[in-house]
Amino acid sequence: MKIESVGVVGAGAMGNGIAQIAALAGLKTVLIDVTDAALTKGVATLSASLSRLVEKGQLAASARDAALACIETATNYQRLAAADIVIEAASENTDLKVRILRQIESEVRPDTIIATNTSSISITALGATLRRPERFMGMHFFNPVALMPLVEVIPGLQTSPETAKTVRELTQHFGKVPIAVKDSPGFVVNRILIPMINEAFFVLAEDVATATEIDAGMRLGANQPLGPLALADLIGLDVCLSVMDVFLDDFGDSKYRACPLLREMVAAGKLGRKTGRGVYGYD
């Protein structure tokens with residue numbers, strides 16, 4: 001199946017990033033969200049991202065303008081009717097994703113592929129809620145989407161080989177590197193990464209070292225480009241907590257217990273960069 005048009009549901013950090021790379025690939029792109037304000041903010045973010053690439057000499061101004069011309073916005077899911085693939089990029093909440101995926105399926109053609117940008121939720125379980133699970137699979141992009149080259153492509157138990165092949169080829173057309181991953185909680189990257197971040201919160205809570213020292217230790221001692229606590233702020237502490245809770249529920253292993261400090265900070269609304277305050281301040 002040749003993909004010529006893409007729908008993206010969710011204009012937040014992940015959704016507008018996916019819309020950006022789809023438009024840069026020359027694909028007609030429809031960006032959906034519940035409010036015009038969210039769409040305006042999303043388009044402004046991706047427009048600024050494209051302009052930064054132009055300023056750095058990494059993108060021609062004409063290519064930026066062509067990409068922006070490929071993007072349409074709407075609050076009505078009926079605008080997805082012509083899409084060859086729709087990528088859901090809502091928050092990491094199972095009930096929310098199921099509701100959105102079913103709404104997408106009610107509006108698209110029978111041959112349209114539906115993908116979810118989940119970072120931890122079972123693709124097989126999500127697919128089981130749809131009428132055509134063979135046309136459904138996972139595409140886990142990484143933040144910031146425009147810069148991170150990796151996409152985990154995750155077929156569910158019901159996903160057809162044709163769907164998996166098309167999604168892999170589309171990922172490459174986006175200029176990304178796909179890795180095929182079995183449907184397992186957290187897949188590959190988050191299965192390793194998020195427990196490490198959680199352990200960094202335990203180290204912080206036990207006052208073994210300050211946040212700055214913990215991050216410096218992992219940058220300078222483990223050659224990580226960003227310390228785990230600073231990375232948690234970038235990802236969103238609420239996302240980290242949600243993934244840990246999924247691990248605990250799905251694996252039933254106490255080693256995936258979320259650090260109480262992480263849970264407390266989320267309850268306090270200190271979610272990281274997106275709220276201006278997490279482990280660090282972003283005033």
Side-chain angles (χ1 to χ4, degrees), residues 1 3 6-10 14-15 18 77 80 83-143 145 150-172 174 176-195 235 238-258:
M1 179 180 180
I3 302 295
V6 177
V8 181
V9 177
M14 300 305 295
I18 296 168
Y77 279 62
L80 298 171
D84 297 317
I85 184 171
V86 178
I87 303 170
E88 168 270 314
S91 301
E92 194 72 353
N93 177 284
T94 301
D95 292 340
L96 175 63
K97 285 184 179 292
V98 168
R99 186 165 67 251
I100 291 173
L101 291 170
R102 285 175 171 170
Q103 190 170 357
I104 292 169
E105 189 177 43
S106 71
E107 300 293 347
V108 299
R109 306 187 314 265
D111 65 334
T112 297
I113 293 172
I114 302 175
T116 177
N117 180 49
T118 181
S119 57
S120 63
I121 301 171
S122 168
I123 304 303
T124 298
L126 290 174
T129 69
L130 301 176
R131 297 191 304 273
R132 295 182 292 274
E134 71 279 1
R135 307 292 294 172
F136 174 75
M137 70 179 294
M139 294 180 75
H140 180 209
F141 294 83
F142 291 81
N143 188 28
V145 176
L150 179 68
V151 178
E152 292 178 316
V153 291
I154 314 109
L157 185 63
Q158 314 95 320
T159 305
S160 71
E162 293 79 12
T163 297
K165 180 176 182 291
T166 299
V167 167
R168 187 177 185 90
E169 290 173 349
L170 176 65
T171 302
Q172 293 169 328
F174 284 161
K176 302 299 183 183
V177 179
I179 61 170
V181 178
K182 180 182 176 182
D183 185 20
S184 178
F187 315 126
V188 170
V189 175
N190 280 343
R191 172 79 176 271
I192 298 168
L193 177 64
I194 300 298
I235 295 170
D238 54 334
V239 176
C240 295
L241 176 60
S242 175
V243 174
M244 286 302 299
D245 284 343
V246 168
F247 287 170
L248 184 61
D249 288 343
D250 288 0
F251 288 117
D253 191 328
S254 61
K255 73 178 183 180
Y256 295 111
R257 177 176 67 94

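Note that the numbering runs from 1 along the sequence shown for the chain. Remember, predicted model here, so these are calculated numbers, not experimental data.
Every residue two or more places apart in sequence or in another chain that forms a ring-ring contact (aromatic ring centres under 6.0 Å, His included) with Y256 is listed here: F247, F251. Under the salt bridge (charged side-chain N to carboxylate O under 4.0 Å, His left out) criterion, D183 pairs with no residue, sequence neighbours left out.
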Legend entry - Check against side chain to side chain contact (heavy atoms under 4.5 Å, CB included), L101 and F136: CA-CA 10 Å; L101 291 170; F136 174 75; 3.9 Å; yes
Legend entry - side chain to side chain contact (heavy atoms under 4.5 Å, CB included) between I123 and T116, intermediate numbers included: CA-CA 8 Å; I123 304 303; T116 177; 3.7 Å; yes
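D249 CG to T94 OG1: the interatomic distance, rounded to the nearest 0.5 Å, is 9.5 Å. Taking CD1 of I194 as the start and OG of S120 as the end, the distance is 8.5 Å to the nearest 0.5 Å. How far CE of M139 is from CD1 of I113: 9.0 Å, rounded to the nearest 0.5 Å. Here D95 contributes atom CG and I100 contributes atom CD1; the two are 11.0 Å apart, rounded to the nearest 0.5 Å. To the nearest 0.5 angstrom, T171 atom OG1 is 6.0 Å from F141 atom CZ. Distance check: Q158 CD to T124 OG1 gives 5.0 Å after rounding to the nearest 0.5 Å.
Under a 3.5 Å cut-off, the side chain of R191 and the backbone N or O of G186 do not form any donor-acceptor pair. Of the possible donor and acceptor atoms, one in the side chain of T112 sits under 3.5 Å from a partner among the backbone N and O of A83. In this structure, the side chain of E152 does not engage the main chain of I154 through any donor-acceptor pair within 3.5 Å. The backbone N or O of S119 lies less than 3.5 Å from a partner atom in the side chain of N190, making a donor-acceptor pair. Checking side-chain atoms of E92 against main-chain N and O of T118 turns up no donor-acceptor pair under 3.5 Å. For K176 (side chain) and V145 (main-chain N/O), a donor-acceptor pair under 3.5 Å exists by modelled atom type. Judged by distance alone, the side chain of T163 and the main-chain N or O of E134 form a donor-acceptor pair under 3.5 Å. Within the 3.5 Å criterion, the main-chain N or O of V239 finds no donor-acceptor partner in the side chain of S242.
Side-chain atoms of L193 and I235, non-hydrogen and from C-beta on, do get closer than 4.5 Å to each other. Under the 4.5 Å side-chain criterion, counting only non-hydrogen atoms from C-beta, V9 is in contact with L80. Using a 4.5 Å heavy-atom threshold, the side chains of R102 and L130 count as touching. Side-chain atoms of D84 and R109, non-hydrogen and from C-beta on, do get closer than 4.5 Å to each other.
The salt bridge (charged side-chain N to carboxylate O under 4.0 Å, His left out) pairs that include a residue from residues 156-172 are K165-E169, where partners are two or more places apart or lie in different chains.
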